[in-house]
*Asks:* 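Quick one: the structure is below, and I'll ask about it shortly.
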Amino acid sequence: MDMIYILYGKDKSMVSMKLEAIKKRHHIQENVNIYDAQADEISNVLQDLDAYSIFDDDKMIIVNNCTFLSSKNTTNYEVDPFLVRKDTDMILVLVCPSDKLDTRKKKVKEISGCATLYSCLALDEKSQKFYVQDKLKEYGVKVDFKTLDWMTSRMGLDPMCIQNEIEKISIYSKHPTFEDVQNLLVVEPMNDIFKMVDAFFSQNGILLLAYYRNFRKLNMQPVAIVALLASQIRFLFQVRVLMDEGKAQATIAQELKANPYRVKLNMQKAMRFSSEALLYNLSLLADFDQQMKMGKIDKDDGFEYFCLNLMMNKE
């Protein structure tokens with residue numbers, strides 16, 4: 001059984017899940033020591049690795065921020081001391097917060113060859129579907145294509161949430177119907193809001209209303225839904241303005257204090273609109289929001305009317 005594991009990627013949920021899987025595989029309960037390669041001296045880690053216990057209990061050592069395995073080392077660590085201990089009886093887990101390991105380095109390639117590698121990359125829409133299918137298979141749950149499509153479009157991109165939802169479904173039934181899944185699955189709100197923004201900009205009132213109703217089924221208030229939609233468009237507007245100023249992705253992420261990946265996705269979307277158009281759409285939502293709060297229109301009927309107007313004004 002392999003005793004060295006390397007986890008690479010920036011998805012914290014995925015890292016957490018893999019660590020739990022390793023603990024389960026080796027029947028580890030509490031005997032876990034955690035180090036940070038950016039804060040703890042390597043000598044402390046090595047001393048722990050060399051300290052054999054007189055007891056039979058397995059011990060797991062986790063070292064976070066192992067950037068010495070990537071192209072940009074931000075630590076004082078080196079690979080050699082871990083290679084010397086590659087036959088350790090301890091369970092050693094090196095966690096590298098990078099999308100890939102730098103196997104151009106001979107030592108990194110060598111330790112990768114004697115370790116079990118786990119990718120902990122963030123899911124996107126394409127990989128999410130494969131992940132859902134893998135988890136359904138793992139829990140022995142069988143669904144038809146219609147149900148699978150419905151699930152993947154509403155489960156979001158958090159791997160831990162996906163696993164929890166599929167585990168819940170598996171407890172209910174190994175062969176759930178479409179209606180079963182609809183009743184059991186907790187829809188991921190942020191996944192729908194991104195699609196809601198796209199429907200809004202394409203002036204697809206029917207789709208926009210469908211996503212609105214999904215939120216209402218989750219007992220979200222209309223004012224909160226409009227605010228959530230407006231916040232996404234406002235962020236897109238901010239990105240567009242900074243792009244017009246000639247600023248790069250890293251600078252925009254820094255100025256907006258936002259995740260670089262989120263900025264990247266919004267930069268791609270912002271290319272389709274001018275800052276003026278985005279500001280105009282924000283004003284439409286602001287006007288609608290004000291009418292709701294003043295009680296001039298019924299909240300649910302008002303949103304349906306808003307969607308109808310959106311389609312009628314489509315060029």
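The structure presented is a predicted model; accordingly, all values stated were derived computationally and were not measured. Note that these values count all heavy atoms, side chains included, but never hydrogens, waters or copies made by symmetry.
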*Asks:* Check the surroundings of atom CG in Asn183: do more than 12 heavy atoms from other residues, nucleotides or ligands lie under 6.0 Å from it?
*Replies:* yes

*Asks:* Measure the shortest side-chain to side-chain distance between Leu92 and Met90 over non-hydrogen atoms and say whether it is less than 4.5 angstrom.
*Replies:* no

*Asks:* Donor-acceptor pair, distance only, cut-off 3.5 Å: does the side chain of Glu304 make one with the backbone of Leu209?
*Replies:* no

*Asks:* Does atom NZ of Lys12 have more than 12 heavy-atom neighbours, drawn from other residues, nucleotides or ligands, at distances under 6.0 Å?
*Replies:* no

*Asks:* Take atom NZ in Lys137; do more than 12 heavy atoms of anything else shown fall under 6.0 Å from it?
*Replies:* no

*Asks:* Could you tell me whether Lys18 sits above the aromatic face of Tyr5, with NZ or CZ closer than 6.0 angstrom to the six-membered ring centre and within 45 degrees of the axis?
*Replies:* no

*Asks:* Side chain to side chain donor-acceptor pair (under 3.5 Å) with Tyr212: which residues, sequence neighbours excluded?
*Replies:* Asp300

*Asks:* Quick test of your reading of the model: are Lys129 and Asp149 salt-bridged, counting only N-O distances below 4.0 Å?
*Replies:* yes

*Asks:* Has Ser274 got a side-chain atom pairing as donor or acceptor with Ala277's backbone, closer than 3.5 angstrom?
*Replies:* yes

*Asks:* I'd like to know whether CD of Glu41 has more than 12 heavy-atom contacts from other residues, nucleotides or ligands below 6.0 angstrom.
*Replies:* no

*Asks:* Does Phe68 have any ring pair (Phe, Tyr, Trp, His ring centres under 6.0 Å) partners at least two apart in sequence or in another chain, and if so, which?
*Replies:* Tyr77, Phe82

*Asks:* Mind checking what makes side chain to side chain donor-acceptor pair (under 3.5 Å) contact with Asp244, not counting sequence neighbours?
*Replies:* Arg240

*Asks:* Rounded to the nearest 0.5 Å, how far does CD of Gln249 lie from CE of Met267?
*Replies:* 6.0 Å

*Asks:* Using modelled atom types only, decide if a donor and an acceptor are shared between the side chain of Lys59 and the backbone of Ile28 within a distance under 3.5 Å.
*Replies:* no

*Asks:* Is it the case that over 12 heavy atoms from other parts of the model lie below 6.0 angstrom from the CD atom of Gln268?
*Replies:* yes

*Asks:* At their closest point, which heavy atom of Met243 faces which heavy atom of Ile252, and how far apart are they?
*Replies:* CG-CD1, 3.8 Å

*Asks:* Any side-chain donor-acceptor pair under 3.5 Å between Asp287 and Gln291?
*Replies:* yes

*Asks:* Could you tell me whether the side chain of Asp180 and the main chain of Thr177 form a donor-acceptor pair under 3.5 Å?
*Replies:* yes

*Asks:* For Thr147 and Met151, what are the C-alpha separation, side-chain angles and deciding distance, and is it a side-chain contact (heavy atoms from CB on, under 4.5 Å)?
*Replies:* CA-CA 6 Å; Thr147 306; Met151 289 173 68; 4.1 Å; yes

*Asks:* Quick check: closest heavy atoms across Leu236 and Ala270, and the distance to 0.1 Å?
*Replies:* CD1-N, 3.9 Å

*Asks:* Evaluate Ile42 against Asn76 for side-chain contact (heavy atoms from CB on, under 4.5 Å), listing each step before the verdict.
*Replies:* CA-CA 8 Å; Ile42 190 172; Asn76 294 321; over 6 Å; no

*Asks:* Would one find more than 12 heavy atoms of other residues, nucleotides or ligands at under 6.0 Å from atom CD of Gln38?
*Replies:* yes

*Asks:* I'd like to know whether Leu117 forms a side-chain contact (heavy atoms from CB on, under 4.5 Å) with Ser112, so could you lay out the CA-CA distance, the side-chain angles of the two residues, the decisive distance to 0.1 Å, and finally the verdict.
*Replies:* CA-CA 7 Å; Leu117 306 183; Ser112 298; 4.3 Å; yes

*Asks:* State whether the side chain of Asp48 and the backbone N or O of Asn44 hold a donor-acceptor pair below 3.5 Å, judged by distance alone.
*Replies:* no

*Asks:* Specify the closest pair of heavy atoms between Val45 and Ile61, including all atoms of both residues, with the distance to one decimal.
*Replies:* CG1-CG2, 4.4 Å

*Asks:* For a quick test of reading the model, state the closest non-hydrogen atom pair linking Met14 to Ser119 and the distance between them.
*Replies:* CG-O, 4.0 Å

*Asks:* To check you understand the geometry: which heavy-atom pair defines the closest contact between Thr75 and Asn65, and what is its length?
*Replies:* CG2-O, 3.5 Å

*Asks:* For the backbone of Tyr280 and the side chain of Ser283, can you confirm whether one donor and one acceptor N or O come within less than 3.5 Å of each other?
*Replies:* yes

*Asks:* How long is the span from the CD atom in Glu167 to the NZ atom in Lys135, to the nearest 0.5 Å?
*Replies:* 9.5 Å

*Asks:* Within the supplied structure, the quantity of interest is the number of heavy atoms (other residues, nucleotides, ligands) at a distance under 6.0 Å from Ile206 CD1; does it exceed 12?
*Replies:* no

*Asks:* With a sphere of 6.0 Å drawn around OH of Tyr305, does it hold more than 12 non-hydrogen atoms of other residues, nucleotides or ligands?
*Replies:* no

*Asks:* Taking side chain to side chain contact (heavy atoms under 4.5 Å, CB included) as the criterion, tell me which of Lys105, Arg104, Glu110 meets it with Val108.
*Replies:* Lys105

